[in-house]
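Okay, so here's the structure we're looking at.
Keep in mind that what you see is a predicted model, and the values were worked out from it rather than measured. Basis for what follows: all heavy atoms, side chains included, without hydrogens, waters or symmetry-related copies. In what follows, every chain begins at residue 1, and chains take the letters A, B, ... in the order their sequences are listed.
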Protein chains: 2
Amino acid sequence: MELPDRKMRILKAVVRNYLETGEPVGSRTISKLTDLKLSSATIRNEMADLEEMGLITQPHTSAGRIPTDAGYRLYVDDMLSSEKEELQSAKKEMLDMKDLLLKKQDRLENMLQSVAKTLAVSTNYASMISSPTTRSSKIKFIQLSQVDPRNVLAVIVIEGNLIRNKVIPVEEELSAETMLKLNMLLNTNLCGLSVEEITLGLIEGIKRNAGIHTAIVNNVIDAAAEIVRSEEELKIYTSGANNIFKYPELADHQRASEIISDFEEKQALGSIVQETLAGEGQNGIQVYIGNEMPVAGMRDCSVVTATYELGEGMKGTIGIIGPKRMDYDKVVGVLKEIMSQLDAIYKPSGTASLEDKGDGAAASSGQEGGTKGGQVFTIPELRIPQIKRIEIKEL
Amino acid sequence: MELPDRKMRILKAVVRNYLETGEPVGSRTISKLTDLKLSSATIRNEMADLEEMGLITQPHTSAGRIPTDAGYRLYVDDMLSSEKEELQSAKKEMLDMKDLLLKKQDRLENMLQSVAKTLAVSTNYASMISSPTTRSSKIKFIQLSQVDPRNVLAVIVIEGNLIRNKVIPVEEELSAETMLKLNMLLNTNLCGLSVEEITLGLIEGIKRNAGIHTAIVNNVIDAAAEIVRSEEELKIYTSGANNIFKYPELADHQRASEIISDFEEKQALGSIVQETLAGEGQNGIQVYIGNEMPVAGMRDCSVVTATYELGEGMKGTIGIIGPKRMDYDKVVGVLKEIMSQLDAIYKPSGTASLEDKGDGAAASSGQEGGTKGGQVFTIPELRIPQIKRIEIKEL
DNA sequence: ATTAGCACTCCACACCACAGAGTGCTAATC
DNA sequence: GATTAGCACTCTGTGGTGTGGAGTGCTAAT
């Protein structure tokens, strides 16, 4: 949609003013606010036009105007395409973020959670972040070992060094040779295959060769299938849901309850992740406004999403969820900043930025993987914090 | 505190009526409600006494009475000690719970989450449940294996069959003999020890014997330490936080925001778990009312907690959080019911109750650990769903 | 094309009145 | 002495009314 320059400027003024105040904005306000020197009457005429175009609306006859979803959309599109978001304010607020990311977040889970929290605190909106997805991976290594007379431990490593294990109960103790044979059998037959490639025929073949130990083979394959299943499972971390109470238009019982509930059942937010990963927006930033929200029950909100990447095709989604009148400029700035910081942490070149942060104690020999003091805290772990959660079941 | 019978009955009537309606209750209502035939005037006199004792209060001069914290406390104590909670209503509502627990909750995490949800749905209050704590355990088994030329996989099994693994990067590929030697070294020196028992001297000794592979030894020990650390970490699952909006006294912005925030930062709820595990109440049920709440910011709530046990000393806490005027009778009933169901699931004797639930398809041969259809669903797994989360880090 | 002026609309807020619920107190009754 | 009926009083919640202010649309003047 093309808009005459003057109308566009008035629209922007209306949106911006409404973002700040949350109150309908009148012609007089605009007339005083903008640099184009026009009287309120002229503005009124223009605003009448804008209303006719469906970009702004008035809550009641004699009130000022507020943007419609379409109005927000135009505003946001313009902002995103004109590329010159004022990052400076965002950057200043995010300075401590680097510290935060450096604190021994030795687990991905904790790191994501604390990123979410930082985002929520620094924006005053609610935030969500999804765990990075991995492509369906191939089996790399299988190891069975006898833990005790009644149990065999199966360890399965898949590409990208994700590991899962499972304890399998057995009736009788297996001999060392049997274990060795089973290990060879499984490794030669299954390594290099993705779980989808494991056919029933293949399993039958293995079982035949395994002789009496079909139960174990079954269990190993089950465990392998489970790895993939649970890797595909989307984990979503959230923070700052209570921020919605800061915005009266979201804080009434009805709406708040729905939003809180969606935040609790995090899978409701999954659709946002899906949408985001599906349609790649410009700069990786996407904005869903009001009815564009993929989550029903959040139709009074907007969400700004970004895609982050931890290398090796592990992509995740970050989202900031707030009222439709959220400060899009700031949020986009914050998201871009955090994306770049996540990138920096992953990239090996991040070493420099890590070292100039060093607090003397870091000089505990250049030995890779060394411990310092009693703390499990190794520099390389920090630089590439690729940690997966895995689960085991035991009987 | 001993109370004359008549006063006690009036107090109970006030509390019960207020629980239902949420409105201050007047003398006339009581007079009609109770079986003791007294006029409203008499009730008024008694109520004045009760107010003097600090058990009830009136929001303003000419309103009915509502219970104070002390009043609730007396009511709850009486209920808990008189032991005859009407479980029948609870039981009826919980019939489907068994189904829920049976649905392939093959992971503890999922099971806990769904228990929380069921509780929230069936009570209309918010619920929380903590993962069971384990005592610090001994190392049972250690296994190193070469996954690929650059990485060694360390698997550590501790008592109770909790497993953790860690990928350790190495400079050069290790020979099969070296691996074998390291495995023997680690197993002979560390098995049977709890992590606390591993002294620096011991580590030094192992390192000496390990020759050049001190880095690997270090990492294995780190991993072992990490197991214990993360097992100690309290995981709390919540559900139904949005239920608080159903109770106007909690639903105003101020309070709701605080409560929601505490539910989001789940560790705030940790203090409830601590309190509960510390002071063992009668029947394992404990009630914290208003200012007794361990969590600041929930001083307008009450919580009913229970301790559940999954055998082997793995104890966890369940809590139902609602307004002070929550239906204590029902909640206590529901909690008792779920506790007994959790017990039944854990106990081997649970077999019976599982089998009479069988839906025909369960007849896929008595083979232990068998799969049925494409589903990973083994009966023994269900019966003893002792599943731990473990994490690995990779480099 | 822009602006000043004006009549009009609608909301927010304060004010008031009043019905209703409930109390405390006193005097009468069992 | 305990209970009850009766009554005056208090406080809240609600609905009605009035008014000031903000903002609009329209018309006429610039």
Worksheet, complete the sentence: Of all heavy-atom pairs linking B:Gly290 and B:Ser302, the shortest is N-OG, 3.7 Å

Worksheet entry | Partners passing side chain to side chain donor-acceptor pair (under 3.5 Å) against A:Lys7 (at least two apart in sequence or in another chain) | A:Glu46, A:Asp49

Sort me out a list of protein N/O and nucleotides 12-18 of chain C N/O pairs below 3.5 Å, or just none if empty.
none

Worksheet item: How many Å lie between CD1 on A:Ile66 and P on C:dC11, as a whole number?
Response: 14 Å

Discussion item. What is the separation between atom CD1 on A:Ile43 and atom P on C:dT3, rounded to the nearest whole Å?
Written reply: 9 Å

Discussion item. Rounding to an integer number of Å, can you tell me how far B:Glu46 CD sits from D:dG1 C1'?
Written reply: 14 Å

Check the interface with nucleotides 19-26 of chain D: list each N/O to N/O pair with the protein under 3.5 Å, or write none.
unit_1: D:dG23; atom_1: O3'; unit_2: A:Ala63; atom_2: O; d: 3.4
unit_1: D:dT24; atom_1: OP1; unit_2: A:Ser27; atom_2: N; d: 3.4
unit_1: D:dT24; atom_1: OP1; unit_2: A:Arg65; atom_2: NH1; d: 3.4
unit_1: D:dT24; atom_1: OP2; unit_2: A:Ser27; atom_2: N; d: 3.2
unit_1: D:dT24; atom_1: OP2; unit_2: A:Ser27; atom_2: OG; d: 2.7
unit_1: D:dG25; atom_1: OP1; unit_2: A:Arg65; atom_2: NH2; d: 3.0
unit_1: D:dG25; atom_1: N7; unit_2: A:Arg44; atom_2: NE; d: 3.1
unit_1: D:dG25; atom_1: O6; unit_2: A:Arg44; atom_2: NH2; d: 3.3

Discussion item. Can you list everything that forms a side chain to side chain contact (heavy atoms under 4.5 Å, CB included) with A:Ser62? Sequence neighbours excluded, please.
Written reply: A:His60

Worksheet item: So what's the dot-bracket for DNA chain D: Watson-Crick or G-U pairs under 3.5 Å, [ ] if a pair crosses, | if it pairs off-strand?
Response: ||||||||||||||||||||||||||||||

Practice prompt. Please say whether more than 12 non-hydrogen atoms of neighbouring residues, nucleotides or ligands are located less than 6.0 Å from NZ in B:Lys266.
Written response: yes

Discussion item. If I take atom NZ in residue A:Lys7 and atom P in nucleotide C:dA1, what distance separates them, rounded to the nearest angstrom?
Written reply: 11 Å

Under 3.5 Å, which N/O atoms of the protein pair with N/O atoms of nucleotides 14-17 of chain D?
none

Fill in: Spacing of B:Ile10 atom CD1 relative to D:dT3 atom C1', expressed in whole Å
12 Å

Discussion item. Going by side chain to side chain contact (heavy atoms under 4.5 Å, CB included), name the residues that satisfy it together with B:Asn242, two or more places apart in sequence or in a different chain.
Written reply: A:Ser257, A:Ile260, A:Ser261, A:Glu264, B:Phe245

Response to the item:
Residues passing the side chain to side chain contact (heavy atoms under 4.5 Å, CB included) test with B:Thr61, sequence neighbours excluded, are none

Practice prompt. Tell me, please, which residues at least two apart from B:Arg255 pass side chain to side chain contact (heavy atoms under 4.5 Å, CB included).
Written response: B:Asp252, B:Asp300

Worksheet item: Which heavy atom of A:Ala116 sits nearest a heavy atom of A:Ile129, and at what distance?
Response: CB-CG2, 3.8 Å

Item to complete: Taking side chain to side chain donor-acceptor pair (under 3.5 Å) as the test, write out the residues that go with B:Arg9, two or more places apart.
Response: B:Asp35

Item to complete: Please report, rounded to the nearest Å, how far the P atom of C:dA1 is from the CG atom of A:Leu36.
Response: 17 Å

Practice prompt. Kindly indicate whether the side chain of B:Ile272, heavy atoms from C-beta on, has any atom under 4.5 Å from the side chain of B:Met293.
Written response: yes

Practice prompt. Tell me, please, which residues at least two apart from A:Ser239 pass side chain to side chain donor-acceptor pair (under 3.5 Å).
Written response: none

Practice prompt. Only counting residues at least two apart or in another chain, list the ones meeting ring pair (Phe, Tyr, Trp, His ring centres under 6.0 Å) with B:Tyr247.
Written response: B:Tyr125

